Amino acid sequence: RFVRCLRRTLFSNSSPSIAHRSPRIGLPTNLNPKILISRRCLSSGSYVSEMQKSAFQGNILRLIRNEIEYELDHSPPLQPPNSFGPFTVDERPGEQWISLKRNFGDKEDIKIEATMFDRSVPTSKSTKTEPEYILHITFIVNISKAGATEALEIMCSAWPDTIEISKLCIRRGINTSPSSYGGPEFEELDDQLQDALYQFLEERGISDELAVFLHRYMKNKGKAEYVRWMESVKSYVEQK
C-alpha cells in the first residue's frame with residue numbers, strides 16, 4: 001500500500017507528463033506523442049528531400065553550363081550561309097533538315113531538302129584497331145513545272161565530295177497512292193541513262209560541289225543544334 005501511494009504521488013506531483021511539457025514547443029496539450037514524433041519525421045524528411053532535389057538540379061545546371069561554355073569557347077558554330085550558288089538556303093533552326101530553293105529557266109521550281117548526317121560507313125582504310133568512317137547525308141530533289149500537277153522527285157546521297165542518285169519517281173501531288181509503282185532502283189537503269197540524269201542535275205546546280213557544301217554546312221549545323229538543345233534543357237531545369 002505504501003508503494004502504491006508513493007507511485008501516485010510521484011506521477012501526479014513531481015514528474016509532469018509529456019502532455020504537460022508540450023506547450024513549451026507550442027503544441028496542443030492533448031497531442032498524442034506518436035503524432036508529434038511522426039510530424040517531426042515528415043517535416044525533416046521533406047526538408048532533406050528538397051535539399052537533395054535542389055542539389056541535384058544545381059549539379060545538372062552546372063554540368064550543362066560547363067558543356068555550353070566549352071562548346072562556345074573551343075568550337076563555336078559559325079553564322080551559316082544563306083545561299084549556295086543560285087540556291088537560297090533555309091536553315092530551319094531546331095530541325096534536322098535544311099531546304100534549298102531556286103528557279104531554273106522560266107518554268108522550273110527546284111527544291112532540295114537535306115538531312116543532317118544520318119549514317120556513316122566504314123572506309124576501306126578501316127582496321128579493327130583504327131576504324132575510319134565517312135558520313136552520309138540524304139537529300140531529295142523536287143522539280144516541278146508551272147501549271148503542272150506532277151513533279152519529278154529524285155532521292156540522292158551526299159558523300160563528303162560526291163553525290164549519288166539512288167532513285168527517282170514522278171509524284172502526283174497529295175493524291176499519289178502509297179502503293180503506286182515507283183520505278184526501278186537507279187543502278188538498274190541503262191548506264192547512258194544514268195549519265196544523262198547526272199548531267200540533268202548538274203545543269204541545275206546539283207553536283208559534287210553541293211555534296212561538299214552540305215557536309216560543311218551540316219557539320220556547323222550539328223554544333224549549333226547541339227548548343228541550342230543544351231540551352232533548351234537548361235531553361236527547363238531552371239524552371240521552378
Side-chain angles (χ1 to χ4, degrees), residues 60-61 63-104 109-123 126 131-144 151-171 173-174 176 178 182 185-186 198 201 204-239:
I60 289 180
L61 287 172
L63 293 173
I64 292 175
R65 292 190 185 107
N66 289 345
E67 185 69 10
I68 293 173
E69 183 178 351
Y70 177 85
E71 289 294 329
L72 295 178
D73 288 346
H74 290 78
S75 57
L78 305 175
Q79 181 65 32
N82 55 18
S83 65
F84 167 70
F87 289 94
T88 58
V89 181
D90 180 5
E91 179 193 2
R92 293 164 69 169
E95 296 187 20
Q96 300 184 60
W97 294 76
I98 66 169
S99 298
L100 298 88
K101 297 179 181 179
R102 70 162 295 187
N103 297 324
F104 182 74
D109 292 324
I110 302 175
K111 180 180 179 180
I112 299 173
E113 291 193 317
T115 68
M116 295 172 64
F117 298 120
D118 53 10
R119 64 186 174 96
S120 62
V121 297
T123 68
S126 295
E132 293 185 20
Y133 298 91
I134 55 174
L135 297 175
H136 173 271
I137 293 172
T138 297
F139 70 95
I140 301 172
V141 181
N142 186 284
I143 303 175
S144 59
L152 176 64
E153 188 171 278
I154 306 175
M155 183 171 290
C156 305
S157 294
W159 300 103
D161 57 2
T162 185
I163 67 169
E164 183 180 276
I165 301 175
S166 57
K167 198 175 184 64
L168 71 154
C169 64
I170 298 295
R171 292 294 182 195
I174 60 175
T176 300
E185 297 298 318
F186 182 76
Y198 276 110
L201 289 181
R204 287 156 177 77
I206 304 167
S207 62
D208 293 343
E209 292 180 1
L210 174 63
V212 175
F213 169 80
L214 287 176
H215 273 255
R216 185 170 60 248
Y217 191 102
M218 293 307 183
K219 182 179 180 181
N220 185 67
K221 181 175 174 63
K223 294 178 183 179
E225 293 300 342
Y226 177 64
V227 172
R228 185 178 288 114
W229 177 81
M230 293 292 287
E231 291 282 4
S232 298
V233 175
K234 181 173 74 70
S235 297
Y236 177 81
V237 176
E238 288 175 335
Q239 293 177 7

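As the structure is a computational prediction, the values presented were derived from the model and not from experiment.
- In this structure, the side chain of Asp90 does not engage the main chain of Ser99 through any donor-acceptor pair within 3.5 Å.
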Q: Give the C-alpha distance, both sets of side-chain angles, the deciding distance and a yes or no for side chain to side chain contact (heavy atoms under 4.5 Å, CB included) between Phe186 and Ile154.
A: CA-CA 10 Å; Phe186 182 76; Ile154 306 175; over 6 Å; no

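- Here the closest heavy-atom approach between residue Pro77 and residue Leu72 is recorded as CD-CD2, 4.3 Å.
- Heavy atoms of other residues, nucleotides or ligands lying less than 6.0 angstrom from NZ of Lys234 number more than 12.
- Within a 6.0 Å radius of CD in Glu132, more than 12 heavy atoms belonging to other residues, nucleotides or ligands are found.
- Residues forming a side-chain hydrogen bond (donor to acceptor under 3.5 Å, both in side chains) with Thr115 (at least two apart in sequence, or on another chain): Asp118.
- Between the side chain of Arg204 and the main chain of Arg102, no donor-acceptor pair closer than 3.5 Å is present.
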Q: Applying side chain to side chain contact (heavy atoms under 4.5 Å, CB included), run through Ile98 and Leu214 and close with a yes or a no.
A: CA-CA 10 Å; Ile98 66 169; Leu214 287 176; 4.0 Å; yes

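- Looking only at distances, a side-chain donor or acceptor of Tyr198 sits under 3.5 Å from a matching main-chain atom of Ile165.
- Between Pro81 and Phe213, the shortest heavy-atom distance links the atoms CG-CE1, 3.8 Å.
- At least one donor-acceptor pair closer than 3.5 Å links the side chain of Glu225 to the backbone N or O of Gly94.
- For the pair Lys221 (side chain) and Met116 (backbone), a donor-acceptor distance under 3.5 Å is absent.
- Judged purely by atom type and a 3.5 angstrom limit, Ser166 uses its side chain to pair as donor or acceptor with the backbone of Met155.
- Not a single donor-acceptor pair under 3.5 Å links the side chain of His215 to the backbone N or O of Asp161.
- Contact detail for Leu135 and Ser120: the closest heavy-atom pair is CD2-CB, 3.8 Å.
- Of all heavy-atom pairs between Ile206 and Val141, the closest is CD1-CG1, 3.6 Å.
- Applying the 6.0 Å contact sphere to NZ of Lys101 captures no more than 12 heavy atoms from other residues, nucleotides or ligands.
- Remark: Thr162 engages Asp208 in a side-chain hydrogen bond (donor to acceptor under 3.5 Å, both in side chains) (not counting sequence neighbours).
- Counting only heavy atoms from C-beta outward, the side chains of Tyr133 and Val121 never approach each other to under 4.5 Å.
- Closest non-hydrogen pair, Ala211 versus Trp159, comes out as CB-O, 3.3 Å.
- You'll find the side chain of Leu210 reaches within 4.5 Å of the side chain of Ile112, heavy atoms only.
- Nearest heavy-atom pair across Ala151 and Ser144 is CB-CB, 4.1 Å.
- Remark: Arg92 engages Glu95, Glu113 in a salt bridge (charged side-chain N to carboxylate O under 4.0 Å, His left out) (not counting sequence neighbours).
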Q.
Please evaluate residues Val89 and Tyr217 with respect to the criterion side chain to side chain contact (heavy atoms under 4.5 Å, CB included), reporting the C-alpha separation (whole Å), side-chain torsions for both, the decisive distance (0.1 Å), and the verdict.
A. CA-CA 10 Å; Val89 181; Tyr217 191 102; 3.8 Å; yes

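- The closest side-chain heavy-atom distance from Ile170 to Leu152 is below 4.5 Å.
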